[in-house]
There are 2 protein chains.
Amino acid sequence: MNDLFSAKNFSDGDSGPLYLQLHRRIAEAIASGRLKPGDSLPPEREMAIQTGLSRVTIRKGIEALVASGQLVQKRGSGTFVAPKVERLEQALSLLTSFTEDMARRGRQVESHWLMRGLHAPVPEEVMALGLGAGDRVARLERVRSSDGVPLAIERASLPAAILPDPQAIEFSLYGVLNARGLRPVRAVQRISATNLGPKDADLLGVGTGVAALRIERVSYLETGQVVEFTRSIYRGDAYDFAVELKLASGDDRSEAERNGA
Amino acid sequence: MNDLFSAKNFSDGDSGPLYLQLHRRIAEAIASGRLKPGDSLPPEREMAIQTGLSRVTIRKGIEALVASGQLVQKRGSGTFVAPKVERLEQALSLLTSFTEDMARRGRQVESHWLMRGLHAPVPEEVMALGLGAGDRVARLERVRSSDGVPLAIERASLPAAILPDPQAIEFSLYGVLNARGLRPVRAVQRISATNLGPKDADLLGVGTGVAALRIERVSYLETGQVVEFTRSIYRGDAYDFAVELKLASGDDRSEAERNGA
DNA sequence: AAGTGGTCTAGACCACCGA
DNA sequence: CGGTGGTCTAGACCACTTT
């Protein structure tokens, strides 16, 4: 019945390297629904026997599927099709907190604190926050989860002058700032893509090398003072950020022509 | 002189798997500037001898560095530290074309066409463009480069009613639309991260699995009619998208209560 | 204790590049 | 042509999970 791993149809030179043929077979089986989330694959040694390939080649074929989060491997247990992660869509042009954003969706939010305290700033923080000599920085580092699924790593730095008591933050940073009349009204974000390192991948429960969104944010008070400098890592397979664009201001085409000239 | 690959300090059990120790050594050498862009690494077989590891292990240690774009391997030639790619920052909240955006930076723009013509739409295009039965779609697929470096893959679909002659587009799509009075004034984008597949990675000249930004955009005319549906892939290591946020309006109770701002 | 994935080896052949 | 990376093998031991 399960001819997914039959030795037939594995011919070198036919359609590229053997490990890619295997990769394609499994990827198609997942895409077509033949392999469903939670299904287990045969043990690597078993696949090797069935396909007539070596175990090294089997692992190489599986590797990319693990790296892209489609398969999950558990030592001592087995290889499984990854559970489907519901994609969340988040508006980028509004300044909201994670807590508020999730509450609006009616979802549970959990935080796992990695670090919460006052420290000596690193140069990056001095720059972003505009700190003076001797100023200390409040650092909040946590993994954000929703319904038990880790979605993001958030590393926030604030001037100690703004948040002298980081331990006071239990859930929502913005909630506390808001209660103190320090809610940011403007922020600038930079978004890029990155491959997760072993550490961050582990925190998010995905494989090393999985694509993630890196978002750096600097938030400002009405007065122009910097409130926070946050570096976040969002799971690429769990998030869509949405943004609405307006027509570029200025006299459209002629502007580009002038500047290009 | 070059003790990067000396057998000393390679001890199992000491600090994790051997391939990770090798990975760390090389990554640190790159980060510290000891290995500079363009430098070549010794051949794999040579590294294996120097370190006392097997070639398979050497390759495994190098693998992640290639996947993340820090090293480039050329068959028949060697392994090299990747040239530094200058990060471009692009404003997300303005609706500009790639051509205009680059011209504004005073950079050369090249396009390599992969496809340009009229086709029968796929369901995804019918949905996004609001096509009727029998409508055809203009498809523009190209690799965008700047100063010879591939930066993005752009796959645009437009109703044939908007662009009956896709061959007319030589450089800027928006330029042609603008000249015809069809310039979009509003667009909605969705941004996510993805691992590049072998095909797209090759088009962008990076390794399979490298993180990239996937941006889907739907653009509208003043009349509300959909002009284009574009799926783009941007190199994660070459782009920063910037967006400015405003205070979320009327989102939670506490804000409504204390709101003066 | 048995079975799983994780790591590692030594050696082989191929495809491609450059002199 | 020689040297490079790309693929593949058979077999070994380890660390962990499950039973």
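Order of the sequence lines fixes the chain letters, A, B, ..., with proteins taken first and strands second; residue numbering starts at 1 for each chain. The model shown is predicted, which means the values in this text are computed figures rather than measured ones.
Between F80(A) atom CZ and dT17(D) atom P the separation is 12 Å, expressed in whole Å. Taking atom CG of L71(B) as the reference point, atom P of dT4(D) lies 17 Å away to the nearest angstrom. Here dT7(D) presents its P atom at 14 Å from CD1 of I62(B), a figure rounded to the nearest Å. Atom-to-atom, CD of E44(A) to P of dG11(D) comes out at 17 Å; the value is rounded to the nearest Å. Going from atom CD of Q21(A) over to atom P of dT7(D) covers 12 Å, rounded to whole Å. Atom CG in L18(B) sits roughly 12 Å away from atom P in dA10(C) (whole-Å rounding). In this structure, the CG atom of L41(B) is 19 Å from the P atom of dG3(D), given to the nearest Å. As a whole-Å value, the separation of L22(B) CG from dT7(C) C1' is 14 Å.
At a cut-off of 3.5 angstrom, counting only N and O atoms as typed in the model, there is no donor on one side facing an acceptor on the other between the side-chain of R55(A) and the base of dG11(D). Within 3.5 Å, no donor on the side chain of R59(B) pairs with an acceptor on the base of dG6(D), nor the reverse.
Along DNA chain C, the nucleotide nearest to R75(B) and the one nearest to I58(B) differ in position, and the one closer to the 5' end is contacted by I58(B). Toward the 5' end of DNA chain C, the nearer of the two residues S54(B) and R45(B), judged by each one's closest nucleotide, is S54(B).
Taking the side chain as every heavy atom from C-beta outward, L140(A) and E154(A) never approach each other to under 4.5 Å.
Side-chain proximity of P17(B) to dT7(C), dT9(D), dG5(C): nearest is dT7(C). Checking dG11(D), dG5(D), dG5(C) against the side-chain heavy atoms of V56(A) singles out dG11(D) as nearest.
Proximity of Y19(A) to the phosphate of dC8(D): no side-chain N or O atom is located under 4.0 Å from OP1 or OP2. A sub-4.0 Å separation between OP1 or OP2 of dT7(C) and a side-chain N or O of T57(B) is absent. Residue Q73(A) places no side-chain N or O under 4.0 Å from the OP1 or OP2 atom of dT4(C). Dashed line: the shortest gap from a side-chain N or O of K60(B) to OP1 or OP2 of dT7(C) is under 4.0 Å. For S77(B) and dC17(C), the shortest distance from a side-chain N or O to OP1 or OP2 is not below 4.0 Å.
R34(B) has no carboxylate O lying under 4.0 Å from a charged side-chain N of E28(B), or vice versa, which leaves the two without a salt bridge.
The distance from atom CZ of R214(B) to atom OG1 of T194(B), rounded to the nearest 0.5 Å, is 4.5 Å.
Among R116(B), R231(B), R155(B), the single residue meeting the side-chain hydrogen bond (donor to acceptor under 3.5 Å, both in side chains) criterion with E141(B) is R155(B). Remark: of the listed residues R217(A), M127(A), E216(A), E216(A) is the sole one forming a side-chain contact (heavy atoms from CB on, under 4.5 Å) with F229(A).
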